[in-house]
2 protein chains.
Amino acid sequence: MNSARTFGHEVRTLATPSAVPVVFIVDDDVSVRESVELLVRNENWKPEPFASAQEFLSHPRTRVPSCLVLDLSLPGQNGLELQKQLSLQHIDMPIIFITGYGDVPKSVQAMKAGALEFLTKPLDYNALVNAIRKALERSRLALAQDAEMQELRTRYALLTSREHQVMTLVVSGLLNKQVGGELGISEITVKAHRRQVMQKMKANSLADLVKMASKLRPGRPAIDLT
Amino acid sequence: MNSARTFGHEVRTLATPSAVPVVFIVDDDVSVRESVELLVRNENWKPEPFASAQEFLSHPRTRVPSCLVLDLSLPGQNGLELQKQLSLQHIDMPIIFITGYGDVPKSVQAMKAGALEFLTKPLDYNALVNAIRKALERSRLALAQDAEMQELRTRYALLTSREHQVMTLVVSGLLNKQVGGELGISEITVKAHRRQVMQKMKANSLADLVKMASKLRPGRPAIDLT
DNA sequence: CCACAGGCAATACCAAAGTATAATGGACGC
DNA sequence: GCGTCCATTATACTTTGGTATTGCCTGTGG
């Protein structure tokens, strides 16, 4: 009986385990697109080639692991600009840059902006495959975490403002009576709110709730990408 | 009375607020060392010039905010090798690379390994100053977090193995009686251990303890720097 | 106007957590 | 052997948390 433990929100939904990863390819050079496409197909991924940033952006978003093989120099919006735009739109897709003209400042800029890899032509088959593999793996992780965060935020949004306040104070370690004191309400009312919070957040224990709160408001950003 | 809240381990010691930041400079070219030294002095930081990686490594570690301005190509151990060595030794010092011969693969490698900036000669005064400023700011943060983690780990090390077990199960959300069931001991014994855990960890509440446990064992590494 | 949701509060009761105190036995080191 | 630390358990009691049920008030929207 004591072996039947439940771990609340730790039970995460697997993110489409059977989905075929998609590799977006943005390059104005047809021959490059085709060779990368071939490579992608060889590895049993799905290639999605585009000749410009605009074309790529007009493509609908998917919900499968994916990454972007991006040419640095493009007609119209160039690779770095596209990278920035994706970042601004909070589209977290791993990017592998490819370029014919090595340019240290641009490569550094790309890497600082979070690019996963920066390869120069002529492309090394293995290097590109490995980079894509790693990118897709990261994408998988990001998708899973994203789904979890989405779930959490959805539940959190269901709380009333009072319940938000109570939750904040409770996970800060205050006793019910102290929460009541802070908010100017009675302890029994705090209990009622607290109960609602636990139910709406689907928390099985206070420990659970504290962990959820930590995820909802990361005190320290993992890394600052200024 | 209710305004006198305590937040346990959240009270962190300020990391030497008045310490002068140190900028280590490693370059085999005397003129570069001198010009960077001048720049550093102008900004009221303390320069520490070295002509080689070996010299730098033999210098004693300090406990003040610091960063490293590092030439890519050096006699003996080169910049990238030094970066790797520091990483292996878990010496987390922000690195700003400088180099005369732009090399995209090397710059990418450096950035992937966590370099903060990668500048090419001739050095732009403002770019370098800004990079150093950001590096020192990051160093300050890292030092503070490091000190906090050190504190936590020290306290955690004071727990007996039984107390470790109890803490783990408690922060996973189990009730005392359930913890007792898991460990095959009585509830009252769990209470005794739990009490010890709270005292030794200096936790003011269960919420506090859960947060500490989260910091001690990051379920998901913030970023994987493979 | 009425139904409904949110916020508040009370009584009453049970479960769990925390505190105080004490006691036993094993392991370890001096 | 003796002191110390660890682990264990017990009794007895207080505080806090959780649940059930009920009631009132208010604003919102059909």
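Within every chain, numbering begins at 1; the chains are lettered A, B, ... in the order of the sequence lines, protein sequences first and strands thereafter. Because the structure is a prediction, the values reported are computed rather than measured.
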Participant: Whether R61(A) engages the ring of F56(A) as a cation-pi pair (distance to the six-membered ring centre under 6.0 angstrom, angle to the ring normal within 45°) should be assessed.
Facilitator: yes
Participant: Okay, side chain of K46(A), backbone of V40(A): is any donor-acceptor separation there less than 3.5 Å?
Facilitator: no
Participant: Check the surroundings of atom NZ in K200(A): do more than 12 heavy atoms from other residues, nucleotides or ligands lie under 6.0 Å from it?
Facilitator: yes
Participant: What residues in residues 183-192 of chain A put a non-hydrogen atom under 4.0 Å from any atom of DNA chain D?
Facilitator: I188(A), K191(A)
Participant: What is the 5' to 3' range of DNA chain C, first to last nucleotide, that sits under 4.0 Å from any heavy atom of chain A?
Facilitator: dG6(C) to dT11(C)
Participant: In terms of the nearest nucleotide of DNA chain D, which residue is placed more toward the 5' end: R162(B) or M198(A)?
Facilitator: R162(B)
Participant: Provide the start and end nucleotides, 5' to 3', of the part of DNA chain D that has atoms under 4.0 Å from heavy atoms of chain A.
Facilitator: dT16(D) to dA20(D)
Participant: For the residue pair S214(B) and S214(A), confirm or rule out a side-chain donor-acceptor distance under 3.5 Å.
Facilitator: no
Participant: Main chain of K106(B), side chain of Q109(B): is a donor-acceptor contact present, judged purely on distance under 3.5 Å?
Facilitator: no
Participant: Please work out which of the three classes, parallel, tilted or perpendicular, describes the rings of F24(B) and F50(B), given edges at 30° and 60°.
Facilitator: parallel
Participant: Of all residues at least two apart in sequence or in a different chain, which pass the side chain to side chain donor-acceptor pair (under 3.5 Å) check with E43(B)?
Facilitator: none
Participant: Determine, for E137(A) against R140(A), whether the closest basic-nitrogen to carboxylate-oxygen distance falls under 4.0 angstrom.
Facilitator: yes
Participant: Give a yes or no answer on whether the side chain of Q150(B) reaches the backbone of A147(B) with a donor-acceptor pair at less than 3.5 Å.
Facilitator: no
Participant: Just report the end-to-end axis angle for the helix from dC1(C)-dG30(D) to dC30(C)-dG1(D), five pairs per end, to 10 degrees.
Facilitator: 40°
Participant: Would you call E148(A) and K215(A) a salt bridge, using N to O less than 4.0 angstrom?
Facilitator: yes
Participant: Is the shortest distance from a Lys or Arg side-chain nitrogen in E117(B) or K134(B) to a carboxylate oxygen in the other one below 4.0 Å?
Facilitator: no
Participant: Using the side chain to side chain donor-acceptor pair (under 3.5 Å) criterion, which residues pair with S205(A)? Sequence neighbours excluded.
Facilitator: none
